[in-house]
Amino acid sequence: MHKDDQMTPKERAFALFAGKPVDRMPIKLFSPYIGMSFGASYQDAFVEAKSRAHWLIESYKRFGQDGLSVNYRIDGIPVAFGAESTYDPLGIPMIKENILKDFSEIDQLDLEKIRFENDPNAQTAFEAVQIIQDELNDEIFTGVGLMGPFTTAANLAGVEIILKSMRKDKEGLHKLLDFAADITIEVGRKFVENQIGIGLAEPTASLLSPKQFREFVIPYYVKVMDKWKEWGSRGSGFHICGDTTKLLETFPEMGIRGVSIDSAVDIAVAKDLVGDKLSIMGNVSPIEILRGTPESIEQAVIDCFRKCWDNPCGFTIAPGCDIPVQTSLENIDAYMSAARKCAKYPVQPSNWE
């Protein structure tokens with residue numbers, strides 16, 4: 001348990017569920033590559049289960065955030081089907097060349113390749129979750145982060161082909177999206193069956209209109225959620241990058257339990273539009289956490305609480321997206337300190353005014 005807290009994350013969560021008082025409300029920290037903020041390279045921090053778990057454990061010991069998430073590699077699914085990876089300037093993997101040239105090749109992709117027993121990336125993520133739970137005596141919920149069906153489809157075929165096909169080849173695109181949903185279901189199976197929470201992300205879907213989102217995203221989320229719920233899941237969390245103001249009204253149709261809002265969205269607008277249907281998480285600017293001073297970071301946290309602390313379906317303070325790997329540990333400390341002040345139970349404006 002963190003030195004500035006009186007409860008572990010699990011104790012806090014169980015007390016809240018039972019309607020009992022807590023020391024503070026939960027605080028999230030999105031940092032899948034946190035080892036790099038500690039000075040490790042991507043290879044040292046992320047490739048093996050032990051190192052991936054180690055740096056997440058170190059982050060929890062320092063910051064005391066509520067919940068850890070082991071990311072399934074963003075390039076994992078295409079690689080499982082034979083794609084090659086390269087690395088961006090920070091050393092984070094990206095697909096060198098898309099595995100699908102057109103939709104006629106979908107039938108050549110064998111779903112067996114991403115079954116747990118055949119998928120090293122899923123095995124690594126699962127092992128890392130187990131290591132974290134063992135070493136922290138199961139005092140914090142540890143989940144896994146996956147890409148959603150739309151982004152999975154884009155990672156297989158390329159964003160340009162996906163966007164063009166919305167007009168020129170809807171049938172082929174729906175075939176790919178349905179296959180991408182099957183992939184998401186299967187990759188998540190082992191985690192769902194072991195009561196490990198899943199968060200889905202869509203870095204590219206903010207490009208869509210509400211009409212397109214309803215046609216090309218929601219049906220496949222419903223398919224994934226329905227299957228996972230059959231296996232005992234309560235549904236997943238959901239993060240979507242970018243300014244999704246125009247899409248907010250569609251999110252309650254997805255079967256998700258809550259939404260993580262990017263800092264490009266006015267969180268007060270999100271509360272007004274979907275706060276009576278979904279819990280909201282967000283949305284301190286990651287760039288502010290990267291570049292700001294302790295004072296400006298505190299003000300950014302206060303602004304989020306001021307706008308959304310009374311969301312009808314619940315609010316959790318969090319960054320608006322992943323914290324950049326160049327962020328100093330001291331600035332993350334500043335974010336957590338400000339969040340603890342505002343999240344003191346019971347949450348009320350006097351915490352920050």
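Side chains included, hydrogens not; waters and symmetry mates left out as well; all remaining heavy atoms used.
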Side-chain heavy-atom pair Met336, Gln65 within 4.5 angstrom cut-off: yes
Note, Arg306 side chain near Asp303 side chain (heavy atom, < 4.5 Å): yes
Candidate pair Arg62 and Glu58, rule salt bridge (Lys or Arg N to Asp or Glu O under 4.0 Å), full reasoning: CA-CA 6 Å; Arg62 174 157 181 158; Glu58 289 301 303; over 6 Å; no
Side-chain H-bond candidate by donor/acceptor type, Gln133 with Thr142, under 3.5 Å: no
Between Ser85 and Asp75: side-chain donor-acceptor atoms closer than 3.5 Å: yes
Shortest non-hydrogen separation from Thr151 to Ala201 and the atoms involved: OG1-O, 4.1 Å
Arg257 vs Ser279, side-chain contact (heavy atoms from CB on, under 4.5 Å): CA-CA, chis, key distance, verdict: CA-CA 7 Å; Arg257 65 173 185 262; Ser279 64; 5.7 Å; no
Close side-chain approach of Arg291 to Asn331, heavy-atom, < 4.5 Å: no
Stepwise ring-ring contact (aromatic ring centres under 6.0 Å, His included) check, Tyr221 with Phe213: CA-CA 11 Å; Tyr221 267 81; Phe213 197 85; 7.6 Å; no
Main-chain N/O of Leu56 paired to Ser59 side chain as donor or acceptor, under 3.5 Å: yes
Derivation of the salt bridge (Lys or Arg N to Asp or Glu O under 4.0 Å) call for Lys113 and Asp110: CA-CA 6 Å; Lys113 291 184 177 180; Asp110 184 1; over 6 Å; no
Asp23/Lys344 under salt bridge (Lys or Arg N to Asp or Glu O under 4.0 Å): CA gap, chis, key distance, verdict: CA-CA 6 Å; Asp23 56 343; Lys344 182 180 177 181; over 6 Å; no
Asp310 and Lys271: CA distance, side-chain angles, deciding distance, salt bridge (Lys or Arg N to Asp or Glu O under 4.0 Å) verdict: CA-CA 9 Å; Asp310 57 350; Lys271 182 181 77 170; 2.9 Å; yes
Heavy-atom side-chain contact between His239 and Cys321 under 4.5 Å: yes
Non-hydrogen atoms of Ala180 and Pro149 that approach each other most closely: CB-O, 3.3 Å
Min side-chain heavy-atom separation Leu111-Ile183 under 4.5 Å: yes
Check: Tyr335 ring centre within less than 6.0 Å of Phe63 ring centre: no
Parallel, tilted or perpendicular: rings of Trp352 and Phe305 (30°, 60°): tilted
Side-chain touch Ile302/Gln299, heavy atoms, less than 4.5 angstrom: yes
Exam field: side chain Thr152 to backbone Gly148, donor-acceptor pair closer than 3.5 Å: yes
4.5 Å side-chain heavy-atom contact, Glu11 and Glu139: no
Nearest heavy-atom neighbours spanning Leu156 and Pro78: CD2-CA, 4.0 Å
Result block: side-chain N/O donor-acceptor pairs under 3.5 angstrom for residues 26-40, not counting sequence neighbours:
residue: Lys28; atom: NZ; partner: Asp66; partner atom: O; Å: 2.9
residue: Ser37; atom: OG; partner: Val325; partner atom: O; Å: 3.3

Test log, rule side chain to side chain donor-acceptor pair (under 3.5 Å), inputs Glu288 and Ser296: CA-CA 8 Å; Glu288 185 62 49; Ser296 67; 2.5 Å; yes
Aromatic ring pairing Tyr220/His174, orientation class (parallel under 30°, perpendicular over 60°, tilted between): tilted
Cationic tip of Arg52 above Phe46 ring, under 6.0 Å, 45° of axis: yes
Within the 6.0 Å centroid threshold, strictly below: Tyr72 and Phe126: no
Full working for side-chain contact (heavy atoms from CB on, under 4.5 Å) between Asp44 and Ser41: CA-CA 5 Å; Asp44 290 339; Ser41 69; 3.2 Å; yes
Any donor-acceptor pair under 3.5 Å from Lys20 side chain to Phe17 backbone: no
Point-to-point distance, once rounded to the nearest 0.5 Å, from CD1 of Ile198 to CZ of Arg234: 12.5 Å
Non-hydrogen side-chain atoms of Asp226 and Lys223 separated by less than 4.5 Å: no
Ile185/Trp231 under side-chain contact (heavy atoms from CB on, under 4.5 Å): CA gap, chis, key distance, verdict: CA-CA 11 Å; Ile185 289 168; Trp231 297 339; 3.5 Å; yes
Pair Glu193 + Arg189: basic N to acidic O under 4.0 Å: yes
Euclidean distance, Arg12 CZ relative to Phe141 CZ, rounded to 0.5 Å: 11.5 Å
Glu97 and Lys101 ion-paired at < 4.0 Å: yes
Within residues 236-255 or reaching into it, pairs that qualify as salt bridge (Lys or Arg N to Asp or Glu O under 4.0 Å) - sequence neighbours excluded: Arg214-Glu249, Arg214-Glu253
Centroid-centroid distance, Phe216 to Phe150, less than 6.0 Å: no
side-chain contact (heavy atoms from CB on, under 4.5 Å) evaluation trace for Leu248 with Val259: CA-CA 9 Å; Leu248 288 169; Val259 61; 5.8 Å; no
Transitive ILVMFWY side-chain link Ile323 to Met281, under 4.5 Å: no
